[in-house]
Number of protein chains: 2
Amino acid sequence: MARYEQIASDLRDAIVRGDYRIGAQLPSEAELAARYGAARGTVRQAVALLAAEGLVGSRQGARRIVLGTERSQSFAELHSFAQWARSMGYRASGTVLSSERRPCSPVEAARLSLEPGEEVLAVLRLRRLDGEPVLVERTVYAGWIAPAVERLDPDCESVTQELYESVGLVFAYGEHLIDAVAAGSEDARLLGVRRGSPLLRQRRVTTNQEGRPVETSDDRYRAGSVTFSIRNSTSANPLVRRAGD
Amino acid sequence: MARYEQIASDLRDAIVRGDYRIGAQLPSEAELAARYGAARGTVRQAVALLAAEGLVGSRQGARRIVLGTERSQSFAELHSFAQWARSMGYRASGTVLSSERRPCSPVEAARLSLEPGEEVLAVLRLRRLDGEPVLVERTVYAGWIAPAVERLDPDCESVTQELYESVGLVFAYGEHLIDAVAAGSEDARLLGVRRGSPLLRQRRVTTNQEGRPVETSDDRYRAGSVTFSIRNSTSANPLVRRAGD
DNA sequence: AGCTCTGGCTTGTTTGTACAAGTTCGCCTA
DNA sequence: TAGGCGAACTTGTACAAACAAGCCAGAGCT
């Protein structure tokens with residue numbers, strides 16, 4: 001772990017622990033540098049990390065202030081349902097309902113940077129939290145990763161983790177589109193809700209470290225089961241609105 | 001504008017223009033430093049900015065790669081419906097349907113860091129895109145900003161901009177919770193949809209530069225009208241899932 | 001009392017240097 | 001030809017120094 005990550009971690013712990021309340025001032029960079037025996041640049045990297053997490057804010061000339069005291073999760077916890085669930089103290093389970101190879105559609109070809117008609121693997125999964133079905137996942141994997149996905153246990157808990165362990169695949173970047181849709185008949189049946197009831201939809205494309213697309217997915221959460229949360233600031237703003245579809 | 005912002009802007013333009021395709025490699029830091037006549041540290045700040053926007057990704061040892069070519073918008077465009085709409089080429093309008101001062105609820109007190117029972121201003125607005133109603137906004141303003149809000153034109157297009165111009169208020173930090181809910185009877189009537197139909201809900205708390213909470217809001221978008229989009233990576237991840245409510 | 005202004009403090013930007021760590025690709029060998 | 005090895009390249013981390021720009025409180029003035 002890098003020095004600046006250690007410092008960030010230490011400060012984050014202090015904030016989460018309540019040493020610094022919301023609205024309180026953090027020590028100055030010079031003071032932190034002296035305390036940790038590090039250069040000011042290193043301290044700046046540390047607080048930049050906290051700022052990116054939305055824990056602290058800053059303005060030129062004034063001390064940094066604490067904006068929040070909740071720890072935000074890692075990329076893995078956003079991407080992987082199972083890892084997120086575990087970190088929140090839930091028991092996640094899931095079942096593969098269907099899995100088939102087929103030629104990709106033009107839309108999928110564009111999303112996954114494939115040639116039109118290239119073979120992909122389409123998987124339908126139902127995910128549960130503490131036994132309750134909360135998520136219908138319709139995932140399309142690029143052909144080159146399909147064999148590894150097919151080797152997975154149908155009841156495999158964390159696909160992300162299994163793929164990392166079996167073939168070293170790392171999900172590194174993702175683009176996510178979030179909106180609300182009405183439950184279709186299949187959604188309704190699987191999630192145990194009425195047809196037309198509101199679902200939170202997350203469509204995503206994920207790529208590996210090299211920027212090669214791995215999978216695209218349409219995930220639908222039962223209303224009330226899951227909420228997405230983001231913090232933003234004038235300096236860091238990842239979430240944007242988009243016109244419908 | 002700082003040097004690193006100029007460089008970032010120049011690179012972003014090149015990416016958006018298509019000089020670098022998705023998956024292509026960016027020049028090395030040393031090369032960029034030479035090209036712009038800047039130190040490597042400055043170039044690193046520039047590309048860090050692009051990485052935060054999700055345009056480029058990087059791994060130690062390998063050239064940076066282009067992940068996307070779409071420009072993501074600024075904080076203001078996430079926060080301000082009107083500014084976002086304008087940047088997307090839509091015509092935004094809105095109407096204040098009701099506005100009343102009242103003591104705050106315990107929940108509101110906690111969100112806005114107020115004393116229980118302190119006075120707040122509750123405003124109900126209907127927002128339209130190109131004349132079509134798409135958003136019901138139920139906003140609660142902290143008492144100290146209420147007078148400035150009440151002075152606004154009821155049909156005021158951009159509240160954010162007006163408040164900045166009239167009292168210099170800047171919305172600097174925000175926390176947003178996104179989920180799906182069924183339309184209530186009031187929502188349904190205002191948006192022209194059936195009761196129970198899916199809406200995309202965004203609840204937020206916004207604070208000014210000093211970390212002082214300004215407003216909290218419950219915004220409900222008609223399904224299909226607006227989609228939230230975020231890019232994330234292993235290094236930068238602002239969006240997280242949360243258990244329901 | 002209320003106001004202005006200034007000096008010290010704090011964060012923002014930039015440059016330069018050095019080394020660590022991971023990737024890539026060509027060369028050499030088995 | 002296939003695989004291993006290593007050199008060159010590229011990004012990551014850390015330190016040091018200097019100046020710019022904005023904030024704030026206290027001194028001094030009206």
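Order of the sequence lines sets the chain letters (A, B, ...), proteins ahead of strands, with each chain counted from 1.
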Inset, instruction - Test salt bridge (charged side-chain N to carboxylate O under 4.0 Å, His left out) on B:R102 and B:E108 and set out the steps. - result: CA-CA 12 Å; B:R102 58 169 172 75; B:E108 288 160 359; 3.1 Å; yes
Shortest side-chain distance from [X], nucleotide among [options]:
{"X": "B:Q60", "options": "C:dT11, C:dG22, C:dT13", "value": "C:dG22"}
{"X": "B:R3", "options": "C:dT14, C:dT23, C:dG12", "value": "C:dT14"}
{"X": "A:R44", "options": "C:dT24, C:dT15, C:dG12", "value": "C:dG12"}

Inset, instruction - Could you tell me whether the phosphate oxygens of C:dT24, OP1 or OP2, come under 4.0 Å of any side-chain nitrogen or oxygen in B:R59? - result: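 The answer is yes; a side-chain N or O of B:R59 sits under 4.0 Å from OP1 or OP2.
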Inset, instruction - Report yes if at least one side-chain N or O of A:S58 is closer than 4.0 Å to OP1 or OP2 of C:dG12; otherwise report no. - result: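 Looking at the OP1 and OP2 atoms of C:dG12, one of them is under 4.0 Å from a side-chain N or O of A:S58.
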Distance-only check: which donor-acceptor pairs under 3.5 Å involve side-chain atoms of residues 164-172 of chain B, not counting sequence neighbours?
from   : atom 1 : to     : atom 2 : distance (Å)
B:E165 : OE2    : B:Q161 : NE2    : 3.3
B:S166 : OG     : B:E162 : O      : 3.0

Legend entry - Atom-to-atom span, CZ of A:R63 to P of C:dC9 - whole angstrom: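 The answer, rounded to whole Å, is 11 Å.
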Inset, instruction - Taking only Lys NZ, Arg NE, NH1 and NH2, and the carboxylate oxygens of Asp or Glu, determine whether A:R203 and A:D179 approach each other closer than 4.0 Å. - result: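 The answer is yes: the pair qualifies as a salt bridge.
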At what distance, to the nearest 0.5 angstrom, does [atom1] of [X] lie from [atom2] of [Y]?
{"X": "B:R127", "Y": "B:E157", "atom1": "CZ", "atom2": "CD", "result": "8.5 Å"}
{"X": "B:Q45", "Y": "B:E5", "atom1": "CD", "atom2": "CD", "result": "9.0 Å"}
{"X": "B:E31", "Y": "B:R63", "atom1": "CD", "atom2": "CZ", "result": "5.5 Å"}

Legend entry - Any donor-acceptor N or O pair under 3.5 Å, side chains A:D10, A:Y36: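 Indeed, the side chains of A:D10 and A:Y36 share at least one donor-acceptor pair under 3.5 Å.
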Inset, instruction - Return yes if a side-chain donor-acceptor contact under 3.5 Å exists between A:T139 and A:E215, otherwise no. - result: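 Result is no, nothing qualifies.
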Inset, instruction - Report the residue (A:Y4 or A:R40) whose heavy-atom-nearest nucleotide on DNA chain D is the more 5′ of the two. - result: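 It is A:Y4 whose nearest nucleotide is closer to the 5' end.
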Legend entry - Within residues 21-31 of chain A: residues closer than 4.0 Å to DNA chain C (heavy atoms):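 A:S28, A:E29 - these, ordered by number, are the residues of the stretch whose heavy atoms sit under 4.0 Å from the strand.
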Inset, instruction - Let me know, please, whether B:G41 or A:G61 comes out on the 5' side of the other along DNA chain C by nearest nucleotide. - result: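 Looking at the nearest nucleotide for each, A:G61 comes out on the 5' side.
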Inset, instruction - Determine, stepwise, if the pair A:E29 / A:R44 fulfils salt bridge (charged side-chain N to carboxylate O under 4.0 Å, His left out). - result: CA-CA 7 Å; A:E29 292 175 1; A:R44 280 182 68 79; 2.8 Å; yes
Legend entry - chain A footprint on DNA chain D, 5' to 3' - any atom under 4.0 Å from a heavy atom: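 The protein-touched segment is D:dT13 to D:dC24.
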